[in-house]
Amino acid sequence: MPEGIRDKVVILGMGCSRFGERWESGPEDLMIEAFDEALADAGIGKDEIDAAWLGVFFQEQSTGKSGLPLSQALRLPNIPVTRVENLCATGTEALRGATYAVASGAADIALAMGVEKLKDTGFGGLPERTKGTVEDLWLPNSTAPGSFAQLASAYCAVHKRDMGDLKRAMAHISVKSHRNALNNPKAHLRREISDDDVLNAPMVAYPLGVLDCCGVSDGAACAIVCTPEVARRLGRTDAVAIKALQLAPSNGVEFSNDAWDGGHTLTTRIAAERAYREAGIEDPKKAIDVMEVHDCFSVTELVLMEDLGLSDPGRAIDDVLDGRYDHDGAIPCQIDGGLKCFGHPIGASGLRMAYEIYLQLNGRAADRQLDEPSIGLAQNLGGVPNRNVASVAIYGLNNLTR
Amino acid sequence: MTDSAHGILAVGGFLPRSRLPRRLAYEANRWFAPALKPKGDTRRSFCDWDEDTLTMAVEAGRACLSGHDTTAVAALELASTSLPFADRSNAGVVREALDLSPAAGVEDKTGSLRAASAALARALAAPAANGNTLLVGSDCVDAKPASTQEMSFGHGACAVLVGEGEPIATLAGAASLHQDFVDHYRASGERFEYALEPRWARDAGYREQVVATVGEALEDAGLQGEDVSALAISAPGSLAGAVSKSLARTMGISPAESRLESEVGFCGAAQPLLALVEALESVAAGDSIVLVALGQGVDVLVLGVAHPPATKSLADAIADASNETNYTRYLALRGLLPLETGIRSERDNRTALSAFWRKHEAVTAFKGGLCSACNTLQFPATRICVSCGAADTQVPTRLADRVGTVRSFTEDWLAYTPKPPLVFGNVGFGDGANVLMEFANVEPGQLEVGMPLTMRFRIKDLDDRRHFRRYFWKPVPLEGSADA
């Protein structure tokens with residue numbers, strides 16, 4: 001068992017652009033917007049960064065390949081820039097690269113940037129893309145909502161739950177995120193909606209209506225990380241530390257074997273178990289104060305409550321409807337609006353989740369600030385239920401003076 | 001028990017489920033072509049967007065070979081005037097989808113409405129040296145909207161297995177006549193035919209040709225017109241009825257009784273086999289059937305019935321029908337009405353043919369891998385077992401003939417498909433296998449988790465840029481299908 005990265009890396013500064021249909025901005029504008037905020041927050045100069053990681057998913061339709069888009073947009077001083085991609089978990093993958101560099105001692109200070117410019121693709125939703133030369137020979141030409149909608153029919157069958165009850169809980173999830181986003185000036189969708197709005201919305205992929213789906217947004221988010229020693233040297237007395245950062249990709253079980261019941265994300269369960277162990281968390285129901293999860297669709301957020309061990313198997317519908325994950329519930333979820341309303345610029349989303357947890361733990365979340373949370377969780381999921389990459393990160397505020 | 005003989009050993013018919021009520025087409029086009037008014041409540045079959053000559057041929061072949069030893073098939077002949085490929089063995093695609101031996105001969109027979117009847121006469125007259133011959137007729141010919149052909153044509157396929165064994169029927173006599181009598185034609189590469197006045201074809205052409213050739217065939221068989229129990233006629237439109245009446249009047253042959261015209265339509269080169277199999281499904285042992293197939297001349301086969309087929313796959317296919325309710329949807333599905341299909345339809349469906357060749361067995365024959373170490377089935381087959389991790393232990397195993405089960409599903413209205421919604425989901429196959437698949441033949445609201453499924457060979461994608469099409473298998477609900 002490796003000792004992991006718990007408390008070896010802290011966040012020196014973070015930034016996040018406004019998310020939305022940023023017709024006036026290209027990816028370089030979005031990156032600069034996020035980076036300027038992070039650099040000011042960190043209180044360092046650009047030339048103090050030793051290495052950088054860039055996360056972008058649809059590079060063909062936005063930035064192009066390689067680390068160059070980041071290096072050129074920020075005019076970085078020829079430091080190493082690595083471009084990473086791991087589906088919708090790309091932002092977390094960029095953070096993982098920067099974190100590992102700092103933890104290894106290869107870099108004192110590293111930058112993780114995630115960006116996505118989706119509104120240049122011409123598509124209303126996510127653009128069409130090949131699933132691979134072999135997969136295109138036989139896999140259905142599915143969309144993201146269609147792929148995640150599979151969770152609903154399977155979940156109801158596995159847990160013998162009524163589809164109507166599931167739909168009501170899904171509606172509650174969307175209504176909650178819309179309400180939360182009212183307090184987030186950077187969010188893409190800031191409009192209060194009702195349960196009836198969700199339930200009567202046009203069908204996208206049964207049983208997901210259009211208000212069960214997250215926003216398709218442009219945006220960028222970034223983190224500057226360093227060791228606790230460097231933060232102390234820069235005068236910090238406390239800092240948000242990475243307690244765990246785990247990644248679990250599918251190995252094909254869900255794709256081709258019926259051991260997977262189709263109603264949950266297997267990889268999240270694996271990543272969560274590892275993350276809780278790495279962070280030293282024994283009972284996540286008690287330990288987690290605030291969380292951001294990959295609510296690409298309302299049904300995804302619902303099953304994730306069980307995959308993260310926060311709701312008992314088959315009980316997420318009840319917990320959701322009871323308000324357990326509302327802003328005033330036991331474990332507030334998507335306090336910033338989540339993917340649903342903050343938006344989902346793919347490469348940025350993992351870092352956007354970290355950004356919100358970072359603000360909350362630092363007590364800087366303004367109108368949406370929770371009452372002194374100390375442990376936050378971010379779950380970032382790339383891919384589709386039968387083939388995906390799940391990451392679970394846990395953050396805590398560490399006192400650096402001891 | 002009869003002695004072993006050379007003859008028709010098995011038959012199988014297949015029709016697409018979709019039917020166009022002729023009245024629906026008439027109502028839509030009445031403003032333009034009021035003369036097309038149909039008599040009675042009749043309909044014709046048509047291929048869904050993902051069905052074609054080859055997919056129907058595969059299903060007819062499966063129906064025919066059900067319960068028969070596929071390793072005994074030494075030759076596959078595919079008769080059609082609507083083969084999707086001019087240079088790529090069409091019969092070869094069918095051969096692999098049917099999981100027949102690569103050593104089996106594969107041959108496309110085309111260019112004539114008598115392609116199948118001529119091939120059948122030859123196969124019945126001369127036994128093949130090394131095994132059975134599977135002869136499949138399949139045609140999917142479209143017609144212009146508001147044409148008589150739109151009303152009279154249908155899409156369908158039919159297969160017969162010819163060889164040595166306990167036959168359903170044997171050949172008693174035959175005769176054939178060719179005349180370059182061009183009552184209609186379709187040029188190579190053209191989608192629609194050009195047809196002359198049917199009265200001319202009837203009165204000045206086929207009536208005489210048919211009576212003379214039937215007379216020769218009956219003489220060859222040593223039979224009189226009154227000895228004929230069933231008349232099976234393959235002729236487009238009103239010609240079938242006209243020919244039937246002529247034969248009744250001149251030779252005393254009982255008129256043909258058929259539901260093909262009222263329920264299916266004229267299926268081109270498949271029609272001789274469809275007409276024959278319809279007759280075989282209605283006669284008794286000892287009866288005689290006369291098959292008359294028109295097309296620049298006429299083929300006549302006289303068959304003696306030994307054992308009528310035990311299962312009636314064609315009657316089942318006729319019954320397994322779904323009436324189209326929207327004429328413009330029929331047009332769109334047949335590519336006769338260009339709808340605005342949106343940006344998602346711009347996806348490039350280029351096939352990496354080198355990758356296809358590596359995976360042809362998985363894709364065309366729908367074979368996964370059964371791990372010999374832990375008996376876990378997986379699709380696609382992989383080097384390392386998904387369950388036990390053993391390497392290189394997987395034995396090619398066919399999923400196409402298994403009954404699947406719905407494990408999850410959605411109706412996706414965002415995805416591009418010519419027939420929204422795209423219905424797809426996880427399908428269980430037993431022995432641990434789960435495959436994400438696109439469903440066919442389902443309407444919104446029809447699927448439920450746990451529903452049993454049977455597999456159908458279908459078009460996966462059309463590549464209009466390169467004039468290619470790729471095929472894969474799609475599950476359809478078992479209940480209500482011909483296999484139920």
Worksheet item: Do B:Ser18 and B:Asp48 get their side chains close enough for a donor-acceptor pair, meaning under 3.5 Å?
Response: no
Worksheet, complete the sentence: Under 4.5 Å to a heavy atom of chain A? For B:Leu377 that would be backbone
Practice prompt. With side-chain hydrogen bond (donor to acceptor under 3.5 Å, both in side chains) as the test, would you mind laying out the steps for A:His264 and A:Asp261 before giving the verdict?
Written response: CA-CA 7 Å; A:His264 70 279; A:Asp261 65 24; 2.9 Å; yes
Response to the item:
Comparing B:Pro444, B:Gly425, B:Ala352, B:Gly428 against chain A, the one with the most heavy-atom pairs below 4.5 Å turns out to be B:Gly425
Worksheet item: Is a salt bridge present between B:Arg466 and B:Asp348, judged by a nitrogen-to-oxygen distance below 4.0 Å?
Response: yes
Worksheet entry | Full working for salt bridge (charged side-chain N to carboxylate O under 4.0 Å, His left out) between B:Arg458 and B:Glu51 | CA-CA 6 Å; B:Arg458 293 287 184 119; B:Glu51 294 178 291; 3.6 Å; yes
Worksheet, complete the sentence: Most contact-rich option vs chain A, by heavy-atom pairs under 4.5 angstrom, among B:Ser354, B:Ala433, B:Gly342, B:Gly430, is B:Ala433
Worksheet, complete the sentence: When the 4.5 angstrom heavy-atom criterion is applied to B:Arg470 and chain A, the contacting part is side chain
Worksheet item: Has the side chain of A:Glu273 got a donor or acceptor atom that lies under 3.5 Å from a matching backbone atom of A:Ile270?
Response: no
Fill in: Between NE2 on residue A:His172 and NZ on residue A:Lys167, distance to nearest 0.5 Å
15.5 Å
Worksheet, complete the sentence: Counting heavy-atom pairs under 4.5 angstrom with chain B, the leader among A:Asp136, A:Val134, A:Thr133, A:Thr130 is A:Asp136
Practice prompt. Apply salt bridge (charged side-chain N to carboxylate O under 4.0 Å, His left out) to A:Asp120 and A:Arg22, showing your working.
Written response: CA-CA 9 Å; A:Asp120 283 346; A:Arg22 297 288 303 267; over 6 Å; no
Worksheet item: Which region of A:Asn257, side chain (C-beta onward) or backbone (N, CA, C, O), has a non-hydrogen atom less than 4.5 Å from a non-hydrogen atom of chain B, or is it both or neither?
Response: both
Worksheet item: Are the side chain of A:Asn86 and the backbone N or O of A:Ala89 linked by a donor-acceptor pair below 3.5 Å?
Response: no
Item to complete: May I ask you to check whether B:Phe457 and B:Tyr471 place their ring centres under 6.0 Å from each other?
Response: yes
Discussion item. Pairing donors with acceptors under 3.5 angstrom, does anything connect the side chains of A:Ser391 and A:Gln246?
Written reply: no
Discussion item. Using salt bridge (charged side-chain N to carboxylate O under 4.0 Å, His left out), reason through B:Arg469 and B:Asp463 one step at a time and then give a plain yes or no.
Written reply: CA-CA 6 Å; B:Arg469 54 188 64 192; B:Asp463 179 356; over 6 Å; no
Item to complete: Measure B:Arg407 against the heavy atoms of chain A and call it side chain, backbone, both or neither at under 4.5 Å.
Response: both
Item to complete: Measure from NZ or CZ of B:Arg402 to the centre of the six-membered ring of B:Phe429, then state whether that distance is under 6.0 Å and the direction lies within 45° of the axis.
Response: no
Worksheet item: Between B:Asn90 and B:Arg95, does a side-chain hydrogen bond (donor to acceptor under 3.5 Å, both in side chains) hold up when you go through it step by step?
Response: CA-CA 9 Å; B:Asn90 296 275; B:Arg95 196 279 305 160; over 6 Å; no
Practice prompt. Go through the atoms of B:Thr382 and report whether side chain, backbone, both or neither lie under 4.5 Å from a heavy atom of chain A.
Written response: neither
Worksheet entry | Within residues 137-150 of chain A, residues adjacent to chain B where the heavy-atom gap is under 4.5 Å | A:Leu137, A:Trp138, A:Leu139, A:Pro140, A:Asn141, A:Ser142, A:Thr143, A:Pro145, A:Gly146, A:Ser147, A:Ala149, A:Gln150
Worksheet entry | Selection from A:Ser153, A:Gly263, A:Cys156, A:Gly252 maximising heavy-atom pairs under 4.5 Å formed with chain B | A:Ser153
Discussion item. On a heavy-atom basis, which atom in B:Leu333 and which in B:Pro418 lie closest, and how many Å separate them?
Written reply: CD2-O, 3.8 Å
Discussion item. Counting heavy-atom pairs closer than 4.5 Å to chain A, which one of B:Asp461, B:Val406, B:Thr376, B:Leu436 comes out on top?
Written reply: B:Leu436
Practice prompt. Would you confirm whether the ring centroid of A:His344 sits within less than 6.0 angstrom of the ring centroid of A:His188?
Written response: no
Worksheet entry | B:Glu448 CD: over 12 foreign heavy atoms closer than 6.0 Å | no
Practice prompt. For B:Asn426 and B:Asn434, test the side chains for any donor-to-acceptor distance below 3.5 angstrom and give the result as yes or no.
Written response: yes
Worksheet item: Measuring heavy-atom distances to chain A, does B:Val386 have an atom under 4.5 Å in its side chain, in its backbone, in both, or in neither?
Response: both
Fill in: Side chain B:Arg334, main chain B:Cys47, donor-acceptor under 3.5 Å
yes
Discussion item. Quick test of your reading of the model: are A:Asp218 and A:Lys119 salt-bridged, counting only N-O distances below 4.0 Å?
Written reply: no
Discussion item. If the contact rule is any heavy atom under 4.5 Å from chain B, which residues of residues 193-217 of chain A qualify, in numerical order?
Written reply: A:Met203, A:Val204, A:Ala205, A:Tyr206
Fill in: Residue part contacting chain A, namely of B:Leu422, when any heavy atom lies under 4.5 Å
side chain
Discussion item. Hydrogens and angles aside, do B:Thr328 and B:Asn326 bring a side-chain donor and acceptor to less than 3.5 Å of each other?
Written reply: yes
Worksheet item: What are the two closest heavy atoms between A:Ala390 and A:Leu381, and how far apart are they?
Response: CB-CD1, 3.7 Å
Worksheet item: With chain A, which of B:Arg344, B:Gln378, B:Arg347, B:Lys460 has the greatest number of heavy-atom pairs at distances under 4.5 Å?
Response: B:Arg344
Discussion item. Could you tell me if the side chain of A:Phe57 sits less than 4.5 Å from the side chain of A:Glu116, heavy atoms only?
Written reply: yes
Discussion item. Taking 4.5 Å as the heavy-atom cut-off, does anything in residues 389-399 of chain B contact chain A, and if so which residues?
Written reply: none
Discussion item. What I want to check is whether the side chains of B:Arg17 and B:Ser322 have a donor and an acceptor closer together than 3.5 Å.
Written reply: no
Discussion item. Please rank B:Phe424, B:Phe356, B:Phe472 by heavy-atom pairs under 4.5 Å with chain A and give me the top one.
Written reply: B:Phe424
Practice prompt. Can you check whether anything in residues 358-369 of chain B gets within less than 4.5 Å of chain A, heavy-atom wise, and list it by number?
Written response: B:Lys359, B:Val363
